[in-house]
Structures are given as C-alpha cells and as structure tokens.
Amino acid sequence: MMLEIHDLTKSYGRFQALNHLELEIEEGELFGFVGPNGAGKTTTIKILAGLLRADGGTVKIDGRCMSCGADELKDRIGYVPDYFGVYDNLRVFEYLELYAAAYGITGLVARRRYMELLDMVGLSGREEFYVDSLSRGMKQRLGVARALVHNPRLLILDEPASGLDPRTRQEFITMLKEINQYGKTILISSHILSELSEMCTDIGIIEEGRMVLRGSLVDILAMVNASNPLEMQIYQNLPDAVAFLRKNPLINNVVIDGNRVVAGFAGGQMEEAYLLRSLVEAGVLVGSFGRRQGGLESVFLEMTDRKEERVVAQG
C-alpha cells in the first residue's frame with residue numbers, strides 16, 4: 001500500500017477540517033481527490049507533504065509512519081502546490097539544479113537527471129530559458145519536473161491544471177498519465193471533474209472532512225448509470241411500446257417526447273436485455289435502447305448536495 005490514512009483529524013479553532021478521514025491508495029494508482037471548497041482536500045495534502053501537523057490519526061507512506069520520521073519520508077514524496085513559486089532571473093536548468101542540490105544531487109548526476117525530466121515533461125530544449133519567461137502551462141510542467149527531481153514514489157498535485165487553456169490542460173493530462181505509466185503513484189486534487197474522469201484510475205470524494213465515496217472510476221460510473229433511466233427511440237408501434245412498458249413491474253414514470261421514450265427502470269443488465277427482446281418480439285421497431293449515461297459531475301453533486309458547488313462541478 002502506497003498511502004494509508006486512518007482516523008485523521010485536524011481542526012482550525014472550532015472548525016473541523018478533517019473528521020476522522022480514512023483513505024488508502026494502492027501503489028501505481030492515479031487517484032483523483034474530489035470535494036467542494038472547504039471539504040478538507042488541501043488540508044489533507046499539506047499534511048501529506050509535511051507542511052501541516054495533524055491533530056490525530058496516522059499517515060503511512062510506502063509502509064512508513066509519517067509521525068515516526070517525517071523528514072525521511074520527504075524523499076518519497078513529490079509535491080506540486082496550486083501556486084507555482086519562482087525565483088527571478090533563474091534559467092530552467094538553474095532552477096532544477098537548485099532543487100536537486102537540496103536533495104544532495106549535484107554535478108553530472110544532477111544534469112543527467114534534469115535533462116531526463118525536461119524530456120519527460122515536454123520541456124526539452126528549453127533549459128536555457130528564464131523561468132519567468134515561460135507560459136503558465138510550461139511553468140506547471142516545470143513544477144512537476146521539480147517535484148520529481150529526487151525520484152519520489154508518490155507525486156501529490158493540488159489543483160495543477162487550474163487556469164490552463166483547454167489544449168494545454170489536455171497536454172498536461174497526457175503528461176501525467178505517462179508519468180503514472182513510468183510507475184509513479186499520483187494523487188491529484190481538482191475541481192475540473194471532466195479532467196479527472198479522463199485520467200484517473202480511482203477517485204475519492206471528500207465532504208466535511210470525511211471520505212463519502214471511494215472506488216475505481218469504472219465501478220462508480222457503472223453504479224451511477226445503473227440507477228439512471230432507460231432511454232429508447234421507437235420508430236414503429238409507439239403506442240404498443242408504451243402500453244407494454246407500463247405493464248412491466250420494473251418500469252415507472254414513462255415519459256414520451258416524440259419517438260423518444262424515457263422510463264425509470266429498477267432492473268439490472270440482464271433485465272434490460274430481456275426487456276429489449278420482449279419489445280422486439282412484440283413488433284416494436286427499436287432504434288436505440290440503453291441507460292442514460294451519467295458522469296463524474298452527477299456523482300459529485302449527488303454525494304455533496306451543495307447548490308453553491310454546481311458551477312464548479314460543471315466547469
């Protein structure tokens with residue numbers, strides 16, 4: 001297990017940011033950490049990065065307890081905050097050499113390392129550029145290279161794609177997927193739920209300091225879609241189809257819109273198959289048939305149920 005969080009608590013005065021949080025992440029996962037503002041994401045990440053002390057609970061990274069030696073665990077963690085801090089008048093290679101030296105990596109070893117990283121993050125050929133001259137997207141890529149300079153096993157990113165244009169964001173997602181394929185475990189928090197659904201293997205939704213949903217993205221979306229209504233296009237014998245559907249004990253709330261029929265359905269995939277076969281055998285010409293597909297946004301809204309987060313969830 002790469003990351004184990006048990007019974008983690010943290011309060012700021014009377015406000016409880018983390019309320020006995022539980023989370024486990026397997027080695028090699030690309031984990032999406034989701035939650036509304038104030039849910040506890042950044043507090044959790046800062047604790048993992050060693051920037052904040054928890055009030056209670058345990059954190060283990062790569063089998064080692066953080067409270068037993070946080071300093072030695074820093075070699076196993078790469079942290080990319082939501083704000084990219086830069087130094088004036090430093091070129092890209094100087095910037096990476098500075099951070100490499102902080103981990104005792106110098107000379108030819110440091111040069112070989114940062115050249116490999118620049119190639120990995122798509123900045124090869126820009127080592128002589130001044131950091132301040134880079135675009136925001138390039139700075140974010142450089143931030144990832146900086147976090148990987150000591151070859152950590154766990155990469156933690158806090159809202160890394162915020163403020164990026166769609167093309168740059170897509171390139172950034174592709175880069176993270178490639179880094180994950182190199183064997184790095186990645187934990188990434190984001191409000192842009194569509195980007196998490198494109199790259200994450202697993203997600204966790206945190207609300208009021210507690211983990212309210214945790215699982216693989218495939219299983220979670222399958223669970224949501226299984227509760228969604230059936231949608232079908234009927235091109236012949238629509239009245240017969242509607243009458244047939246209303247007699248089915250698993251069907252409820254049939255809605256007709258032209259030749260499109262939407263119906264609540266309490267059955268599973270096997271019952272769906274039998275229903276479609278029965279419609280066809282009854283002489284109904286079915287053009288399309290299936291569950292309405294949901295996305296991560298619908299899961300988020302259902303689990304958090306906060307009106308003020310709807311705009312964020314749809315971003």
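Count residues from 1 along the sequence.
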At their closest point, which heavy atom of Gly28 faces which heavy atom of Thr185, and how far apart are they? N-OG1, 2.8 Å
So does Arg292 get a backbone contact from the side chain of Asn228, meaning a donor-acceptor N/O pair under 3.5 Å? yes
Minimal heavy-atom distance between Ile77 and Pro152, with the atoms involved, is C-CB, 3.5 Å
For the CD atom of Glu24 and the CG atom of Leu3, what is their distance to the nearest 0.5 Å? 8.5 Å
Residue pairs involving residues 172-186 (criterion salt bridge (charged side-chain N to carboxylate O under 4.0 Å, His left out); sequence neighbours excluded): none
How far does CZ of Arg113 sit from CG of Leu96, to the nearest 0.5 angstrom? 10.0 Å
Restricting to pairs with a member in residues 131-183, which pass ring-ring contact (aromatic ring centres under 6.0 Å, His included), not counting sequence neighbours? Tyr103-His150
Under 4.5 Å between side-chain heavy atoms, hopping through other hydrophobics if needed: is there a path connecting Val59 to Met1? no
Would you say Tyr235 has more than 12 foreign heavy atoms packed within less than 6.0 Å of its OH? yes
Side chain to side chain contact (heavy atoms under 4.5 Å, CB included) filter on Ser135, not counting sequence neighbours, yields Met138
When you compare the side chain of Thr44 with that of Leu21, does any pair of heavy atoms fall below 4.5 Å? yes
Could you check whether any side-chain heavy atom of Asp202 comes within less than 4.5 Å of a side-chain heavy atom of Ile25, counting everything from C-beta outward? no
Asp158 and Ser189: side-chain donor and acceptor closer than 3.5 Å? yes
Is any side-chain heavy atom of Phe129 less than 4.5 Å from a side-chain heavy atom of Leu134? yes
Strictly distance-based, threshold 3.5 Å: is any side-chain N or O of Thr9 a donor or acceptor partner for the main-chain N or O of Gly56? yes
Is the NZ or CZ atom of Lys10 positioned over Tyr12's six-membered ring, under 6.0 angstrom from the centre and within 45° of the axis? yes
Give a yes or no on this: more than 12 heavy atoms of other residues, nucleotides or ligands lie within 6.0 Å of atom CZ of Arg214. yes
Tell me, yes or no, whether the heavy-atom count around Glu128 atom CD, taken from other residues, nucleotides or ligands under 6.0 Å, exceeds 12. yes
I need the minimum non-hydrogen distance between Ser11 and Asp55, along with the two atoms involved. N-OD2, 2.7 Å
Leu187 side chain reached by Leu155 side chain, heavy atoms, under 4.5 Å: no
Heavy-atom nearest pair, Cys200 first then Ile203, reads CB-CG2, 4.2 Å
How close do Ile45 and Leu157 get, counting heavy atoms only, and between which atoms? CD1-O, 4.2 Å
Non-hydrogen atoms of Met211 and Glu22 that approach each other most closely: CB-O, 3.5 Å
